[in-house]
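Quick caveat: nothing in here was measured; it's all calculated off a predicted structure. The figures here come from the full heavy-atom set of this structure, side chains too, leaving out hydrogens, waters and symmetry mates. Throughout, residue positions are numbered sequentially from 1 according to the sequence presented.
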Amino acid sequence: MPYTIILKLLALAFICCLPIFWQFLDELPSKKAVLLAILLFGYCAIYIVLFICLILINKKSFYLVACILVFYSASQVAYMLITGGGISYNAIASIYGTNRGEFFEFLGTTLFLKSIFLTIFICILTLFFYAIIGKFKSIHVKKINFKTVVVTFSLSGLFALTLFNYQEGLKNYFPLNVINNNIQYFNETYKVANEIANLTYEYEGEKPKTTNNIILVIGESNRRDSLSVYSDSVIKGRQLKELTKLHSNNVLNYTNAISAAAFTRVAVPSLLSTAPAEKFSTLAQFPSIIRVLNSVNYSSFLFSNQSKGGFHNDLIKALISEIKNKVYFENSFDGAMLPIVNKLIDNDAESQFIVMHLMGSHYDYSKRYPESFALFSSDNNVDAYKNSVAYTEFVLSELANTVLAQSAPYAILYVSDHGEYLNDLGDGLFGHGMRNASLSELEIPFIFIMNDEFIEQNQRQLMPMKNHLDKKISHDNVSHLILGLAGAKDLKFYDKTLDLSSEYFRENKRKLIDRDMNVIDFSVIENMTKQHHYQ
């Protein structure tokens, strides 16, 4: 076998392992870099053996496999170059979980277009260098025994991979990480979702003595500093600011809330579940607030401008299915929900739990508001985003005005699923969950609006709530606040230390889920942000 063939295969194997090489460079000069060098050598050796075997069996098979592996590697490298990290579990799950409309919107994003361009560019470079190596005719002089090559590379490669697996675990690194993430996703989709549906739950505790009506409004991609009540820099679309001025006794703005994750598919289940973020992996063992409230004779309603689900069932769909009455408003502006919701809100209403899931400021921002709310130029993403937030403020203000006029006790809790990254580092990226989350993707609005009758009937619980406006809170507090206000204090699952309306409330060390579904401290993100190192 000519040396030039071995050289070509070595170059090809190295290109198939480029993501590992990228991680190796990123970890220099740490101990982990040494382990990644071992991993790089191991996979290169195994790939060379694979290529030799395919060439001897069928050259067409060799070309097909080589093209697949190169494209696979190139796409990973392209994503890493753009976002600073590999294609994570969340990225894969988001692809599977998206609907057709969101999928076609994603095709127009900067992230997708840059990824495709770089992937094709790397593939072309691979063909170029592969062809260049073939020009070195002088190397054909010597030949080696292919059996020696196969045995040598097989043994050394397997030894390297075994050594690395013992230290780190192969499944967490390219190329097996993507396979592992797919397995994890389908486990979540089918196994965990079925466990949620089949959870046996029976309420334990005193039945509620209150008839409070609670409206949970789940925002989409609203970063805290984008709303007028949190930032004086918001000069247009200040409906919430005006509402707060007119009804200062009826509005509580919490200033230090964070999301459980920078992506909807984890954030929404987290705020609907009684499980804290650090126990997200066992979420199926905890009842949702919907199930608890249903068990104490609350009437539950869902009005959603989000899709019913992606290509597969997921955790959100499993939890939402517990709501008794559901209405979807796909392909509409969020304001389309108001007429129907307003009809439901009534002076004689008792024990209603209404969930409104907004489309909010999900990309494509310019499609989230009617033309009348184009307060800023829509020529760029930042202005289009501001317009979408202004429209959200309008929707919330209209809902609040309806609630404030009622004689039955009503309260609105508005909390966004997560924030949004708006080219904050000048890298041209917009969105969320693409890499390790920044503060702008995690810091969220948390606004409580109540009418006079609610204030009258809940004086004892409102006193603690007013004292905690600047406390460190998160999605963990949402379900327990709602259960506390509803009087549904299940002995097993209600946590008074997470209930803002309880005198026993205390600040907890805030946890969140990263893009690889690991539980981390929020302080990690804060420290990374201080170093201007989001990647």
Residue list, ring-ring contact (aromatic ring centres under 6.0 Å, His included) with [X], at least two apart or on another chain:
X	value
Phe174	Tyr72
Phe446	Tyr254
Phe505	His468
His418	His432

Quick check for you: to the nearest 0.5 Å, what is the distance between [X] atom [atom1] and [Y] atom [atom2]?
X	Y	atom1	atom2	result
Ile122	Ser73	CD1	OG	7.5 Å
Ile258	Lys511	CD1	NZ	11.0 Å
Asp225	Glu420	CG	CD	11.5 Å
Tyr385	His362	OH	NE2	12.0 Å
Cys44	Leu39	SG	CG	9.5 Å
Ser115	Ile120	OG	CD1	11.0 Å

If you define the side chain from C-beta out and look only at heavy atoms, does anything of [X] sit under 4.5 Å from [Y]?
X	Y	result
Lys8	Leu12	no
Ile82	Leu429	yes
Cys123	Phe71	yes
Ile20	Phe41	no
Val389	Tyr365	no
Val266	Met517	yes
Leu293	Ile482	yes
Asn381	Tyr363	yes

So for atom NZ, which belongs to Lys471, do other residues, nucleotides or ligands contribute more than 12 heavy atoms lying within a distance under 6.0 Å?
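Enclosed: over 12 neighbouring heavy atoms sit under 6.0 Å from NZ of Lys471.
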Near Lys326 NZ, under 6.0 Å, is it more than 12 heavy atoms from other residues, nucleotides or ligands?
yes
I'd like to know if the side chain of [X] and the backbone of [Y] have a donor-acceptor N/O pair within less than 3.5 Å.
X	Y	result
Asn194	Val192	no
Asp514	Asp516	yes
Ser416	Asn222	yes
Arg223	Glu443	no
Glu441	Ser438	yes
Asn165	Leu170	yes
His480	Leu498	no
Ser273	Ser270	no
Asp521	Ser523	no

Name all residues meeting the side chain to side chain donor-acceptor pair (under 3.5 Å) criterion together with [X]; count only those two or more places apart in sequence or in a different chain, and write none if there are none.
X	result
Ser259	none
Gln23	none
Asp495	Thr497
Asn305	Asp334

Is any side-chain N of the basic residue among Asp476 and Lys509 closer than 4.0 Å to the acidic one's carboxylate O?
no
I'd like to know if Glu322 pairs up with Arg291 as an ion pair, taking the criterion as any Lys NZ or Arg NE/NH1/NH2 lying under 4.0 Å from an Asp or Glu carboxylate oxygen.
yes
Between Asn508 and Arg506, does the side chain to side chain donor-acceptor pair (under 3.5 Å) criterion hold? Intermediate values first, please.
CA-CA 6 Å; Asn508 289 307; Arg506 60 180 173 82; 2.6 Å; yes
Name the atoms and distances for all side-chain donor-acceptor pairs under 3.5 Å in residues 50-57, with sequence neighbours left out.
none

Tightest non-hydrogen contact, residues Leu271 and Ile289, listed as O-CD1, 4.3 Å
Tightest non-hydrogen contact, residues Leu442 and Ala262, listed as CD2-N, 4.0 Å
Do Phe430 and Tyr421 have their ring centres less than 6.0 Å from each other?
no
Could you go step by step and tell me if Ser388 and Ser361 meet the side chain to side chain donor-acceptor pair (under 3.5 Å) rule?
CA-CA 5 Å; Ser388 68; Ser361 298; 2.7 Å; yes
side-chain hydrogen bond (donor to acceptor under 3.5 Å, both in side chains) contacts in which one or both residues fall within residues 172-184, not counting sequence neighbours:
Lys32-Tyr173, Tyr96-Asn182, Glu168-Tyr173
Quick one: side-chain hydrogen bond (donor to acceptor under 3.5 Å, both in side chains) pairs with a partner in residues 33-61, sequence neighbours left out?
none
Qualifying salt bridge (Lys or Arg N to Asp or Glu O under 4.0 Å) pairs, either residue in residues 61-84, two or more places apart:
none
Can you see whether Gln285 engages Thr282 through a side-chain donor-acceptor pair at a distance of less than 3.5 angstrom?
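The criterion, which ignores hydrogens and geometry beyond distance, is not satisfied for Thr282 and Gln285.
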Begin with the C-alpha distance, continue with both residues' side-chain angles, and end with the deciding distance and a verdict on side chain to side chain donor-acceptor pair (under 3.5 Å) for Glu220 and Gln306.
CA-CA 10 Å; Glu220 171 67 58; Gln306 300 266 354; 3.0 Å; yes
